A.B. asks: 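Please find one structure pasted underneath; my questions will follow.
Just so you know, these numbers come straight off a predicted model, no measurement behind them.
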Amino acid sequence: MKSHPSPHLVHRVLLALICSIVGAPACLNADDEISFNRDVRPVLASQCFACHGPDEEHREADLRLDVDEAAIEHGVIEPGDPDASELVRRLFSSDEDEVMPPPHAGTLKPEQKQLLRDWVQSGAKYDKHWAFTPPTRPAVPTVTESDWARNAIDAFVLDRLTREGLSPSPEADRMTLVRRLYIDLIGLPPTPEQADAFVSSTDPHAYEALVDELLQSPRYGEHWALPWLDLARYADTNGYEKDRERSIWPYRDWVIRALNEDMPYDEFSIKQLAGDLLPGKSPDDLIATGFHRNTMLNEEGGIDPLEYRYLAMVDRVATTGIVWLGLTTGCAQCHTHKFDPITHTDYFRLMALLNNADEPDFAIPDPTVAQQRRETLDQIERLKSQLADAFPVGEDESATFESEFAKWIRSQETVATPWQIITPTEMKSNLPRLEPLDDGSVFASGDTTKRDQYELTFTIQQSDLPITAIRLEALPDDRLPERGPGLAFYEGRKGDFFLSELNATLGDAPLSFGEVSHNYHTTNDGNPKVRPDNVFDGDGSTGWQPGNHKGERLHLVMNLQQPIETTGDLRVKLLFERHYVASLGRFRFAITQKPGAVASQLSEAAEMILASSEDDKEQSEMLRREFLRTTPLLAEARKPIDALRAKLPEPTTTLVMQERPADHPRPTFRHHRGEYLSPKEQVSPGMLSVFVEDEDRSPENRLEMARWLVSDANPLIARVTVNRAWRSLFGAGLVRSSDDFGVQSEPPTHPELLDWLSVELVENGWSIKQLHKLIVMSETYRQDSKGTAELVRMDPDNRLLARGARYRVNGETVRDIMLRGSGLLSEKMYGPGVFPPQPPSVTELAYGNFKWNTANDADRYRRSIYTFKKRTAAFAAYTVFDAPTGEECIPQRNRSNTPLQALTVLNDEMYFEMARALAKQALAKQADEDANDSPAEIATSMFRRILTRPPTADELELLTAYFDTQKQRLVSGDLAVAEIGDDKNATADFAAWSMVARVIMNLDEAVTRP
């Protein structure tokens, strides 16, 4: 009897044949066993899990196919018996009412159906998804071509190539390798001299020495910070409609420094997620928490700030999932994840870990700024000490200091008011936390709204009576935006407040107020709606506001129409209502028994002295200073002092996270379908249940979460990190989907290599530099990128790594390459964003008439990572090359090739300036070397500065011929050229070489990593 191959074998052969045709490296050989993770799960995930997966709300027939116990218990799978399995029957059914998947949801290919049948026949074994199992170090394969393999990476790659019947490509030439290393490790090309030194070196360790040199370069951090800032959604503006400027560049600089210092990746991660919670935290640790402050901030007048804070949290959960888990956690915002084991509740428990933080500005301690302030304040004190010498002032010789000071004392004594600070016995608010301080003031913090209400109760005792007036002080505080005294942090001036209404009662009896005054002359633009007496008019749109007096002590004195004559509870209600958050941040109440109280411009201490009967030399000296500070007679003499005070240097601020007080945690709720307006039950903080089965071991705050994410308990962290590094150096990761290691992702092309590198990273102290070195030292990395026709046919996407990677660099690196080649590149590091040249039209349409003030100094040529990044009008030359805007976390940029990219490099003012500089530099070099200005030598110099390698004879002939043609046209007048000197021939030379430079800069090779 003739034997027939088993259906299983037929299926495997057919699958292997199809895979070889399409070039899919994850396919199996014909004799491989069925793997659930590799073969079965992708089919179920793509066709079945949407209706029969983790999401219970959308689960059909109460059937779950992603968990073996559920499927078998349901009875649809009979392991080892496909004929008795309802799953198999439905797969092969011809009845449209029974066939699965149903016709409207798609169909399975015959080989997929057969695969599932064979899987059931083989026992329907389920395996945990590979990404959810901790990596272990696999054995390094033994390879026959051991002389090719330089390290373990090569052994894994070569083993796979051998099994696929392929051979690796030869090593690239040294000129290609030096350019590749420079661009990959520092994002800049080598100079011709640097390239020649490497190529001509006979040192057998020259390659490794160059790698070590580049890893130690400060340019390394500038280059590798860029992909991290894509993940951090870094930008210099808030986003949304108004997109106003923010100060967060210190975070960008922290990233660059951390990478240059090779800060271990676990520490690098913990500081960014929870640096404010670290014991003994430093200012740098706080700056690092800017990672999650990069979320956008909406400043439109009609928004609910709490809603947009919620949306920022949504962004933070998704970003955390992408960066440290490689999972699409954001998909669980509205419902349980369709494919991965992330429940809807899990999502909000993860949010709760991130949600218990306030978001202040942080003034960075700077010894230089502190010294400058001290010096300026010393100058101010010297000038103040000389103010008395300005007397007599004016034409009246009798206006001496002593006479005017005596008059001032008499006038101030009549109005000085003795105030008694009262402390609240009870405080309530709609949302902010009200905290009593030792000086009797109240500090407000936490979440705020556009209509905040404070209610304070004071116990009035017999000794306080009678009370004729109440004083409200608005006090500055370093913890407040711009030192306060208000809580405004967006839309309005930072530190602003707007007291709309003030109501007071004694017991149940309302109090009425009469004359009201405050201690400064001008209000916000003289607006009649912001007079102090408007706090009693019953109109929420009018009130009391500090105007331009932020960071100052302000007070509002309110005289009672009828004095308070009886004891009891005094209740004061404050309403802050504006189109932005405008509540008071720190304030204090006081009472007086003096009739007709008025607000004083004097300091609190000076008013107390004047209101008392005591007088001594020290107090008299204080009063003298107050007189000199406030008297109108010296307004002109004080102008130099005012000018110096206006120039006092302020510390740089940045945006940070700060954990809320233990007694004021922010609750987190599950939101039905992810809607802000649909909060349901409160949830406790916790990690995704797929990773933490024991609730007692789940993180409970941000610091615990950060430490968990970089611990052995997280099976994904090292894989995701290694994959990101691999993608940066090879153009694609071992896992293609950098943001998704879940069920829907493609399996790794080299799973054992991925796990080996992951374990190596952890055991090597989380050193990213050592990981980069390990990769670039491999022969896999050094391969020539030129693929044979056969190799390209068999593996068009280079997934098997049988050749080197060749791809276009990103837009920022394009510019940096040209800046280095043209000799214009500034090596200045750090600081606020700068403004290179770009067409004014790019920002003309942005909200608020934003002006792109192009730099005219060295900042014009800073590295691209320092370019000011405006979200709604991003730098055009980068956007053309697919640079992100900073609105969301980008784990992997798109890479397109469009005519607009070529037009940008050819015609943009910035690149045109570089072309002229390149020509000028080449001509100057020839002159300096007393050469004969050979066109071939000039063309070679320009060519190498951009492309590194020397031009071929044919290329050189084409370039010099092009130069000759353009020069002839210029001299004959066929082309216009701006005069740059008396020598028209020299002018034509320069212009023609500038055009040659543009040609070289626009070669595909100029913007390509070889």
Side-chain angles (χ1 to χ4, degrees), residues 232 234-238 244-258 271-272 274-278 280-295 297 299 357-378 380 433 435 437 439 441 443-446 448 474-497 546 548-554 581 583-587 644-661 830-833 868:
Y234 174 84
D236 293 296
T237 58
N238 287 331
R244 289 179 173 138
E245 187 172 349
R246 60 168 54 169
S247 176
I248 196 169
W249 57 264
Y251 166 74
R252 175 248 287 149
D253 290 355
W254 180 90
V255 172
I256 294 172
R257 289 188 175 97
K271 289 188 174 186
Q272 292 183 79
D276 59 302
L277 289 170
L278 288 171
K281 59 182 177 291
S282 68
D284 277 352
D285 296 336
L286 289 174
I287 294 170
T289 63
F291 178 88
H292 269 322
R293 288 301 310 278
N294 278 307
T295 47
L297 174 66
E299 298 183 282
D358 289 327
E359 302 175 7
D361 292 1
F362 173 58
I364 303 171
D366 186 333
T368 302
V369 172
Q371 177 65 22
Q372 291 172 349
R373 285 185 66 88
R374 283 193 297 269
E375 292 172 355
T376 303
L377 289 171
D378 287 345
I380 290 173
R433 175 180 186 259
E435 173 191 1
L437 301 182
D439 64 351
S441 65
F443 184 75
S445 61
T448 48
L475 302 171
D477 192 289
D478 289 340
R479 294 169 290 179
L480 299 173
E482 299 287 345
R483 300 192 69 241
L487 288 173
F489 64 92
Y490 73 99
E491 181 65 40
R493 295 180 178 91
K494 282 191 175 183
D496 198 2
F497 69 86
N548 295 317
H549 298 270
K550 65 181 182 182
E552 300 179 21
R553 172 182 173 261
L554 310 172
V581 168
S583 315
L584 268 171
R586 185 175 178 184
F587 58 97
L644 282 173
R645 188 172 283 113
K647 293 179 180 179
L648 272 172
E650 295 293 334
T652 296
T653 63
T654 191
L655 309 179
V656 301
M657 306 287 279
Q658 177 179 295
E659 193 75 353
R660 290 160 70 94
Y830 311 126
F868 186 88

A.B. asks: Under 4.0 Å between a side-chain nitrogen and a carboxylate oxygen: does that hold for Asp361 and Lys494?
C.D. replies: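 Salt bridge present between Asp361 and Lys494.
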
A.B. asks: Please enumerate all residues that pass ring-ring contact (aromatic ring centres under 6.0 Å, His included) together with Phe868, with sequence neighbours excluded.
C.D. replies: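 So Phe868 forms a ring-ring contact (aromatic ring centres under 6.0 Å, His included) with Phe835, Phe850.
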
A.B. asks: Looking at every non-hydrogen atom in both residues, tell me the closest pair between Ile364 and Pro651 and how far apart they are.
C.D. replies: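 Answer, listing the atom of Ile364 first, then Pro651: O-CB, 3.8 Å.
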
A.B. asks: Can you name the nearest heavy-atom pair linking Leu644 to Thr376, along with the distance?
C.D. replies: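 Reported closest heavy-atom pair: O-CG2, 3.7 Å.
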
A.B. asks: Starting at CG of Leu655, measure out to CZ of Phe362 and round the result to the nearest 0.5 Å.
C.D. replies: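 It is 12.0 Å, given to the nearest 0.5 Å.
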
A.B. asks: If you take all heavy atoms of Ala232 and Asn294, which pair is closest and at what distance?
C.D. replies: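 The pair with the smallest heavy-atom distance is O-CB, 3.0 Å.
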
A.B. asks: Between the main-chain N or O of Lys550 and the side-chain N or O of Asp496, is there a donor-acceptor pair closer than 3.5 Å?
C.D. replies: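 It does not hold such a pair.
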
A.B. asks: Sequence neighbours left out, what passes ring-ring contact (aromatic ring centres under 6.0 Å, His included) with Phe587? Give chain and number order.
C.D. replies: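 For Phe587 the ring-ring contact (aromatic ring centres under 6.0 Å, His included) partners, ignoring immediate neighbours, are Tyr454.
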
A.B. asks: Between atom OG1 of Thr237 and atom CD1 of Ile248, what is the distance when rounded to the nearest 0.5 Å?
C.D. replies: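 Between atom OG1 of Thr237 and atom CD1 of Ile248 there are 11.0 Å.
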
A.B. asks: Can you name the residues that form a side-chain hydrogen bond (donor to acceptor under 3.5 Å, both in side chains) with Glu359, not counting sequence neighbours?
C.D. replies: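 Expected list: Arg316.
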
A.B. asks: Which value, rounded to the nearest 0.5 Å, describes the distance between Trp249 atom CH2 and Tyr830 atom OH?
C.D. replies: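 Output value for this atom pair is 11.5 Å.
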
A.B. asks: Testing the basics here: between Met657 and Leu286, what is the closest heavy-atom pair and its distance to 0.1 Å?
C.D. replies: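 Residues Met657 and Leu286, closest heavy atoms: O-CD2, 4.4 Å.
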
A.B. asks: With no hydrogens and no angle check, do the side chains of Arg244 and Asn238 hold a donor and an acceptor under 3.5 Å apart?
C.D. replies: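 Distance-only check fails for Arg244 and Asn238.
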
A.B. asks: Go through the steps to decide whether Phe443 and Leu480 satisfy the test side-chain contact (heavy atoms from CB on, under 4.5 Å), and finish with yes or no.
C.D. replies: CA-CA 10 Å; Phe443 184 75; Leu480 299 173; 3.6 Å; yes

A.B. asks: Can you tell me how far apart CD (Gln372) and CZ (Arg374) are? Round to the nearest 0.5 Å.
C.D. replies: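 That separation rounds to 10.0 Å.
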
A.B. asks: Is a salt bridge present between Glu552 and Arg483, judged by a nitrogen-to-oxygen distance below 4.0 Å?
C.D. replies: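 Salt bridge: no.
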
A.B. asks: Quick one: pull up CG in Leu377 and CD1 in Ile380 and give me the separation to the nearest 0.5 Å.
C.D. replies: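 So the gap between those two atoms works out to 5.0 Å.
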
A.B. asks: Please give me the minimum heavy-atom distance between Thr653 and Pro250, naming the atom from each residue.
C.D. replies: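 Nearest pair, atom of Thr653 first, then Pro250: O-CG, 4.2 Å.
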
A.B. asks: Does this structure show an ion pair linking Asp439 with Arg586, if we count only N-O contacts that are shorter than 4.0 Å?
C.D. replies: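 Yes, charged N to carboxylate O under 4.0 Å.
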
A.B. asks: side-chain hydrogen bond (donor to acceptor under 3.5 Å, both in side chains) with Asp358: which of Arg660, Arg479, Arg433?
C.D. replies: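 Only match with Asp358 under side-chain hydrogen bond (donor to acceptor under 3.5 Å, both in side chains): Arg660.
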
A.B. asks: Tell me whether the NZ or CZ atom of Arg293 lies within the 45° cone about the ring axis of Tyr251 and under 6.0 Å from its centre.
C.D. replies: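 No, cation not above the ring by the 6.0 Å, 45° rule.
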
A.B. asks: Quick one: closest heavy-atom pair of Pro481 and Phe489, and the distance?
C.D. replies: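 In this case the closest contact between Pro481 and Phe489 is CG-CB, 4.3 Å.
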
A.B. asks: Is there a donor-acceptor contact under 3.5 Å from the side chain of Arg252 to the main chain of Gly831?
C.D. replies: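 Confirmed, Arg252 side chain pairs with Gly831 backbone.
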
A.B. asks: Rounded to the nearest 0.5 Å, what separation is found between the CD atom of Glu375 and the CG atom of Asp378?
C.D. replies: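 So the gap between those two atoms works out to 7.5 Å.
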
A.B. asks: As a quick check of understanding, evaluate side-chain contact (heavy atoms from CB on, under 4.5 Å) for Trp254 and Gln272, giving each step before the final call.
C.D. replies: CA-CA 10 Å; Trp254 180 90; Gln272 292 183 79; 3.6 Å; yes

A.B. asks: Could you please spell out the steps behind the side-chain contact (heavy atoms from CB on, under 4.5 Å) verdict for Arg493 and Asn548?
C.D. replies: CA-CA 9 Å; Arg493 295 180 178 91; Asn548 295 317; 3.1 Å; yes

